[in-house]
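The model shown is predicted, which means the values in this text are computed figures rather than measured ones.
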Amino acid sequence: MITVQLQEADYVAAVRLHRRATKMNLWNAGAILCYLVGGVLFLIFSPADQAFWAYVIFLGGAFLAMFTVWMHFIGIPRGVRRRFKQQKALQRPYTVDWNDEKLTVEGEDVHAGIRWSDFIRWREDEGLFLIYSNRILFRILPKRTFPDQTSIAELSRLLQAKVGPMGKMKS
């Protein structure tokens, strides 16, 4: 059993882990790259009287790249921190326990025993676990709340066995 008291940094890290390597991020990166390369190629191979459009395309890609970086490092974390401050339920402590059948969450405003089969995916990084009930709803378990490395390994093994390989979504 662990007692979880989420912190702002946990919530920001969870959203970053959730957003990491999604298909939308890959499509956005591909589109930005196409703008940048297209602008350069258009500038090199277009007639001199159309150079203006090459600059427009290239600068559009550069703007999208800068905006994406700004959103990743400033915009999204700022919004996540604001949501954490507004959503009081995230700030209340809760306990989490698990066995071979289910994950149990107990707190001031939550009492749930969730079967492993109800989870569709899980993710892990160096600081936390995310356990998904659907594509966007997840439970956050910071590793700093675990008593030792053995319990972290036990939960990881159980998630692997009961939910499936990390990152893979059940159909």
Checklist entry - Between F58 and V40, does a side-chain contact (heavy atoms from CB on, under 4.5 Å) hold up when you go through it step by step? => result CA-CA 7 Å; F58 179 80; V40 169; 3.8 Å; yes

Item to check | Atom of G61, atom of I32 and distance for their closest heavy-atom approach | outcome: O-CG2, 3.7 Å

Checklist entry - Do W70 and I76 belong together in a cluster built from hydrophobic side chains that touch within less than 4.5 Å? => result yes

Item to check | From CA spacing to verdict: side-chain contact (heavy atoms from CB on, under 4.5 Å), Y11, R81 | outcome: CA-CA 8 Å; Y11 196 49; R81 286 184 187 97; over 6 Å; no

Checklist entry - Got a second to check how far S133's OG is from F138's CZ, nearest 0.5 Å? => result 10.5 Å

Next on the checklist: Has Q5 got a side-chain atom pairing as donor or acceptor with Q91's backbone, closer than 3.5 angstrom?
Outcome noted: yes

Next on the checklist: Counting the benzene-type ring for Trp, do W98 and F119 have ring centres under 6.0 Å apart?
Outcome noted: no

Checklist entry - Under 4.5 Å between side-chain heavy atoms, hopping through other hydrophobics if needed: is there a path connecting F45 to L43? => result no

Checklist entry - Quick one: does R121's side chain have a donor or acceptor within less than 3.5 Å of a partner on P165's backbone? => result no

Item to check | Taking every non-hydrogen atom, the tightest pair across I2 and P147 | outcome: CG2-CD, 3.8 Å

Checklist entry - side-chain contact (heavy atoms from CB on, under 4.5 Å) between N28 and T68: does it pass, once the steps are laid out? => result CA-CA 9 Å; N28 288 345; T68 300; 5.6 Å; no

Checklist entry - Taking it one step at a time, do K88 and D109 satisfy salt bridge (charged side-chain N to carboxylate O under 4.0 Å, His left out)? => result CA-CA 11 Å; K88 299 300 180 197; D109 55 356; over 6 Å; no

Item to check | Over all atoms of both residues, closest heavy-atom pair of L128 and A14 | outcome: CD2-N, 3.9 Å

Item to check | ILVMFWY cluster, I140 and M166 together (side-chain gap under 4.5 Å) | outcome: yes

Next on the checklist: Has R139 got a side-chain atom pairing as donor or acceptor with Y132's backbone, closer than 3.5 angstrom?
Outcome noted: no

Checklist entry - Roughly how far, to the nearest 0.5 Å, is the OH atom of Y55 from the CZ atom of F42? => result 12.0 Å

Checklist outcome for this item: For H18 and R123, the nearest pair of non-hydrogen atoms, with its separation, is O-NH1, 2.9 Å

Checklist entry - Is there a side-chain contact between H72 and R16 (heavy atoms, below 4.5 Å)? => result yes

Checklist entry - Which distance, rounded to the nearest 0.5 Å, do you find between the CG of D97 and the OG1 of T104? => result 6.0 Å

Item to check | Atom CZ of F84 with >12 non-hydrogen neighbours under 6.0 angstrom | outcome: yes

Checklist entry - Between E126 and K143, is a salt bridge (charged side-chain N to carboxylate O under 4.0 Å, His left out) present by the stated rule, with each step listed? => result CA-CA 8 Å; E126 62 281 345; K143 290 183 179 177; over 6 Å; no

Item to check | In one Ile/Leu/Val/Met/Phe/Trp/Tyr side-chain cluster, 4.5 Å: V110, V4 | outcome: yes

Checklist entry - Is the number of heavy atoms from other residues, nucleotides or ligands under 6.0 Å of I136 CD1 greater than 12? => result no

Next on the checklist: Just verifying a value: how many Å separate L33 CG and L64 CG, rounded to the nearest 0.5 Å?
Outcome noted: 12.0 Å

Item to check | Derivation and outcome, side-chain contact (heavy atoms from CB on, under 4.5 Å), residues F146 and F129 | outcome: CA-CA 11 Å; F146 285 71; F129 287 100; 3.9 Å; yes

Next on the checklist: Do I57 and V37 land in one hydrophobic cluster if side-chain heavy atoms of ILVMFWY residues count as linked below 4.5 Å?
Outcome noted: yes

Checklist entry - Which heavy atom in W122 sits nearest to a heavy atom in S156, and how many Å separate them? => result CH2-OG, 3.8 Å

Checklist entry - Between atom CE of M71 and atom CE of M66, what is the distance when rounded to the nearest 0.5 Å? => result 15.0 Å

Checklist outcome for this item: Exactly one candidate in T145, L103, L155, I131 meets side-chain contact (heavy atoms from CB on, under 4.5 Å) with V96; the answer is L103

Checklist entry - Do D118 and K102 sit within salt-bridge range, that is, some charged N less than 4.0 Å from a carboxylate O? => result no

Checklist entry - How far does CZ of R144 sit from CG of D10, to the nearest 0.5 angstrom? => result 4.0 Å

